[in-house]
Amino acid sequence: MGARVTRVFRNYNLENRVHRELSKDKPRAAPRHAVKLPSTASSLQEVDSLNQKNAPLLDHLRSVYVESRDPAPAAAEVLKDVTAGKEQRRLLKFSVPASPLGLVELTDVPIGKLTIAEALKAMGSHQHQPQTWSPEKIAQEYSLDLKETKALLEFFVPFKVEIIPPKTKKAKEIKAA
């Protein structure tokens, strides 16, 4: 109820208030502080000396010579090998069907990465069968680092539902339909 009252007062005569504010003259800017520049002959000489070319410096500049060369072909091959190693990808083990929103369904991911569906599947498998799905097996199956896999299984737990039974028999129960 309080919000309605506030809204009424806030919107009362709104259009007239807006027109009144818009029709006001804009405030004038504050006057600039007067700056006194020295107009002496020494200041004019300084300005002229800055604008003149310095002959000794120009001679030194002309004597500078720069050569540029392409990197050695062996270094370029090493660089290509490093970038090619980062682009290795693996096929998905588990995926969710494409959504109706027009999102593209993934077919592969970079080595060392997981999709959300794969991460939930791996964590759920480890939670239900820890002897079968050990961190080593999950790391090998999904091409992951063992240290990161152990951290993933230690610090992230998939959503689980616990149903706590009522203390009394008279409590309301939800029956399956």
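Everything quoted here is computed from the prediction, not taken from an experiment.
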Practice prompt. Please assess Arg69 against Glu67 for the test salt bridge (Lys or Arg N to Asp or Glu O under 4.0 Å), listing each intermediate value before the final yes or no.
Written response: CA-CA 7 Å; Arg69 297 183 186 138; Glu67 285 186 21; 3.1 Å; yes
Worksheet item: Are Val18 and Tyr12 in one and the same hydrophobic cluster, where Ile, Leu, Val, Met, Phe, Trp and Tyr link if side-chain heavy atoms are under 4.5 Å apart?
Response: no
Fill in: With sequence neighbours excluded, residues passing side-chain contact (heavy atoms from CB on, under 4.5 Å) with Lys113
Pro110
Show me the donor-acceptor pairs within less than 3.5 Å that the side chains of residues 19-29 make with the rest of the protein, sequence neighbours left out.
unit_1	atom_1	unit_2	atom_2	d
Glu21	OE2	Lys24	NZ	3.1
Ser23	OG	His19	O	3.1
Ser23	OG	Arg20	O	3.0

Worksheet item: Any chance CD1 of Ile116 has more than 12 other-residue heavy atoms, nucleotides or ligands included, within less than 6.0 Å?
Response: no
Worksheet item: Roughly how far, to the nearest 0.5 Å, is the OG1 atom of Thr149 from the CG atom of Leu144?
Response: 4.5 Å
Discussion item. I need the full list of side-chain hydrogen bond (donor to acceptor under 3.5 Å, both in side chains) pairs touching residues 124-134, with sequence neighbours left out, sorted by first then second residue.
Written reply: Ser134-Glu136
Worksheet item: When you measure from the side chain of Arg10 to the backbone N and O of Val5, does any donor-acceptor pair fall under 3.5 Å?
Response: no
Worksheet entry | Test side chain to side chain donor-acceptor pair (under 3.5 Å) applied to Asn16 - qualifying residues, sequence neighbours left out | Asn13
Practice prompt. Would you name the heavy atoms of Tyr142 and Lys121 that are closest together and state the gap between them?
Written response: OH-CG, 4.1 Å
Worksheet entry | Heavy-atom side-chain proximity of Ile138 to Leu153 below 4.5 angstrom | yes
Item to complete: Determine yes or no for a side-chain-to-main-chain donor-acceptor pair under 3.5 angstrom, with Arg90 supplying the side chain and Ile111 the backbone.
Response: no
Got a list of side-chain donor-acceptor pairs under 3.5 Å for residues 47-64, not counting sequence neighbours?
unit_1	atom_1	unit_2	atom_2	d
Ser49	OG	Gln45	O	3.4
Ser49	OG	Glu46	O	2.8
Asn51	ND2	Val47	O	3.3
Ser63	OG	His60	O	2.6

Worksheet item: What residues form a side-chain contact (heavy atoms from CB on, under 4.5 Å) with Phe156, not counting sequence neighbours?
Response: Met123, Leu152
